[in-house]
Amino acid sequence: METAGRAVADHLQHHFPAGHVLLLAGSGANGGDALVAARHLLALEREVTVLAQPSKHPLSQLNKRRLSAVGVEAQTLSAANLRRVLTGAQMVGGVVVDGLLGTGFVPPLRPELSELVEIINQSGLKVLSIDLPSGLDASNAQRPEAAVRAAQTVTFGGLKPALIYGPAAHAAGEVSVADLRVPPEWVLREAVALRLTDAEIAAKLPVRFADAHKGTAGRIWMVGGHPGTVGAPALAGLGALRVGAGLVSIYSGADVPLITPELMVHRVEMDDQLSALENEVKPDALAVGMGLGPNAAQVARTVLSWTIPTVVDADALQPELAGHGHDQVIWTPHPGEAARLLGVTTPEITAGPLSAARQLQSKFGGVVVLKGGPSTLATGNGLFVSRGGHPGMASAGMGDTLSGILAGLLGQGLSAEDAALCGVRLHSKAGELAGAKHGYGLTATDVSGEVGAAWLALVRGA
Ligand SMILES: NC(=O)C1=CN([C@@H]2O[C@H](COP(=O)(O)OP(=O)(O)OC[C@H]3O[C@@H](n4cnc5c(N)ncnc54)[C@H](O)[C@@H]3O)[C@@H](O)[C@H]2O)[C@@H](O)CC1
């Protein structure tokens with residue numbers, strides 16, 4: 001609680017360096033954090049007013065006494081008191097700290113709390129919420145009728161679903177994660193997600209020596225394509241080339257258009273055993289499933305038996321592959337494919353992407369990239385979310401490009417986790433750059449064309 005409250009005070013001091021601070025403390029630990037923050041703000045010579053509900057929480061009681069010891073008496077938090085303070089002259093240009101409710105909130109909101117939330121929202125003042133805006137259910141992406149509208153939220157340990165997805169996340173404003181130095185097992189257990197910065201992503205990207213050649217930059221196979229869906233493996237191949245793969249071959253059951261002459265395109269019989277490829281020297285990484293058609297699960301099972309780093313995408317995302325993966329597999333379902341893999345409905349996936357990603361990872365192993373805005377990644381080390389991209393990316397072929405990017409990074413030696421974290425961000429960053437040029441008309445080919453620029457932008461911190 002001490003670390004949490006201090007983090008709130010530091011964040012407030014940074015983002016709202018001037019003005020009176022009204023801290024609202026609820027009856028639980030979230031309120032305790034607000035009381036601690038008040039004491040630290042006082043030490044930073046800020047003027048504070050504290051309104052608090054009575055609390056049975058021992059640490060909150062202790063922090064109320066500590067606050068009193070440094071000269072600040074918490075007043076009773078009632079609607080009348082709140083209105084009086086908010087309309088006082090001292091609050092002009094001031095800021096409200098919302099410590100009413102955090103993860104202990106059990107919906108629905110009781111009427112007396114709803115009234116407080118409404119008064120806060122009507123004040124027009126900037127609000128900093130502690131852990132999550134009061135009224136939001138941490139595990140739910142829906143936005144309830146009564147929830148504090150925050151400009152900033154300082155959350156602890158990791159991101160909760162309500163701060164990531166759907167309309168709920170819009171109530172949270174700008175979200176920062178404060179490091180409470182909790183053990184990684186806590187983050188895993190609580191199913192909260194981490195979000196890496198672009199600088200952290202850039203640090204994971206592969207670095208080449210000057211004597212690199214095409215044989216050391218990754219030999220990649222794309223296994224996909226069927227009559228009617230031959231563009232898919234070609235787009236994936238282009239994605240792999242654009243992320244720096246040395247040699248990219250496409251193996252397809254139908255004639256694939258040569259969209260760029262650097263791709264080596266082979267038409268093969270897509271039998272279950274992939275006999276045509278049996279005696280070939282295997283690549284450093286491959287992606288399977290893009291436009292692969294009806295026989296995809298069997299083909300995927302064969303390539304998975306080779307135990308080389310593999311991206312499993314699109315038609316190859318079939319439930320019968322559970323138990324056939326390995327650590328170096330990246331599974332890339334969109335919500336519809338995730339629903340097929342777990343035997344549930346698509347709305348069940350979109351209602352809880354964090355838990356869906358976690359279930360997929362425990363069922364299929366390796367790394368799961370549950371695509372969406374934002375995308376959710378589940379690895380053996382926990383959950384990650386990746387924001388970014390452009391609304392113009394809502395078009396066919398974007399997933400194929402991502403598979404190519406991921407396979408290209410696997411082939412350059414990244415682990416499945418690092419390839420997934422880097423690849424998803426490179427793809428969304430390239431989408432942002434391409435979107436700035438093409439708007440909603442951007443295509444998967446346009447996105448591929450910006451992957452190199454996205455890489456440089458991440459490395460240069462642009
Ligand atoms: N779990 C941890 O390890 C940490 C928790 N911290 C803080 O503690 C919070 C969780 O603390 P608590 O578990 O005490 O829970 P909260 O403080 O979020 O809420 C519990 C209080 O809210 C009331 N309440 C619950 N549902 C309500 C409803 N529908 N209408 C009105 N009132 C309702 C309960 O009566 C209880 O008094 C986190 O959000 C965070 O702010 C931090 O201190 C840091 C560490």
Side-chain angles (χ1 to χ4, degrees), residues 205-206 208 212-268 270 276-277 280-281 283-293 303 309-311 313-315 332 390 392-393 395-412 414 419 422-424 426-438 441-457:
L205 286 168
R208 272 181 206 177
H213 57 82
K214 65 187 176 198
T216 58
R219 290 172 54 255
I220 315 295
W221 287 4
M222 299 296 149
V223 182
H226 186 73
T229 50
V230 288
L235 288 170
L238 188 59
L241 283 174
R242 287 298 187 183
V243 83
L247 290 156
V248 182
S249 302
I250 296 176
Y251 292 95
S252 171
D255 287 329
V256 169
L258 191 63
I259 58 172
T260 181
E262 293 86 350
L263 291 171
M264 290 164 285
V265 179
H266 311 269
R267 182 170 176 168
V268 292
M270 280 289 165
L277 305 182
E280 298 277 335
V281 176
D284 298 308
L286 64 84
V288 62
M290 303 74 62
L292 185 52
V303 303
T310 297
V311 179
D313 187 29
D315 296 341
T332 58
H390 186 276
M393 293 175 84
S395 73
M398 294 294 168
D400 303 317
T401 304
L402 175 65
S403 290
I405 291 172
L406 295 173
L409 291 171
L410 285 174
Q412 291 174 72
L414 292 199
C422 292
V424 169
L426 279 171
H427 184 247
S428 67
K429 182 79 180 172
E432 289 159 21
L433 298 176
K437 292 179 188 165
H438 304 283
L442 76 92
T443 65
T445 311
D446 299 327
V447 171
S448 275
E450 296 294 336
V451 170
W455 182 308
L456 293 176

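All values derive from a computational prediction rather than experimental measurement.
The side-chain heavy atoms of T445 and I259, taken from C-beta on, include no pair separated by under 4.5 Å. You'll find the side chain of L442 reaches within 4.5 Å of the side chain of M398, heavy atoms only. When side chains are defined from C-beta on, D313 does not count as touching L406, because their heavy atoms never get closer than 4.5 Å. Looking at heavy atoms from C-beta onward, D255 lies out of side-chain contact with V230 at the 4.5 angstrom threshold. At least one side-chain heavy atom of V281 sits under 4.5 Å from a side-chain heavy atom of R219. A 4.5 Å side-chain heavy-atom check between D284 and Q412 finds every atom pair outside the cut-off. In this structure the side chain of S403 reaches within 4.5 angstrom of the side chain of T332, judged on heavy atoms.
Each of L263, I250, D400, L238 was compared with M222 under the side-chain contact (heavy atoms from CB on, under 4.5 Å) criterion, and only I250 meets it.
A search for ring pair (Phe, Tyr, Trp, His ring centres under 6.0 Å) contacts involving H266 returns Y251, not counting sequence neighbours. Looking at residues two or more places apart in sequence or on another chain, you find a side-chain contact (heavy atoms from CB on, under 4.5 Å) between T216 and A212, H213. Considering only residues two or more places apart in sequence or on other chains, K437 meets the salt bridge (charged side-chain N to carboxylate O under 4.0 Å, His left out) condition with E450.
Considering every non-hydrogen atom in both A254 and P227, the closest pair reads CB-N, 3.5 Å. Considering every non-hydrogen atom in both L414 and C422, the closest pair reads CD1-SG, 4.1 Å. Considering all non-hydrogen atoms of both residues, V256 and P233 come closest at CG2-CG, 4.2 Å. Taking each heavy atom of K429 and A457 in turn, the nearest pair found is CE-CB, 3.8 Å. Summarising the geometry of G291 relative to A232, their closest heavy-atom pair is N-CB, 3.7 Å, with the distance given to 0.1 Å. Between A444 and A396, the shortest heavy-atom distance links the atoms CB-O, 4.1 Å.
Of the possible donor and acceptor atoms, one in the side chain of S252 sits under 3.5 Å from a partner among the backbone N and O of G224.
Taking CG of L409 as the start and CD1 of I220 as the end, the distance is 9.0 Å to the nearest 0.5 Å. The NE2 atom of H438 sits 11.5 Å away from the OG atom of S395 when rounded to the nearest 0.5 Å. Taking OG1 of T310 as the start and CG of L286 as the end, the distance is 4.0 Å to the nearest 0.5 Å. Expressed to the nearest 0.5 Å, how far CD1 of I405 lies from CG of L410 amounts to 12.0 Å. The line from NE2 of H427 to OG1 of T401 is 5.0 Å long, rounded to the nearest 0.5 Å.
Residues D446 and T443 have side chains that bring a donor and an acceptor to within less than 3.5 angstrom of each other.
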- [ ] Let me see the working for W221 and L277 under side-chain contact (heavy atoms from CB on, under 4.5 Å), right down to the final yes or no.
- [x] CA-CA 11 Å; W221 287 4; L277 305 182; 3.8 Å; yes

- [ ] Given side-chain contact (heavy atoms from CB on, under 4.5 Å), test M270 with V268 step by step and report yes or no.
- [x] CA-CA 6 Å; M270 280 289 165; V268 292; 3.8 Å; yes

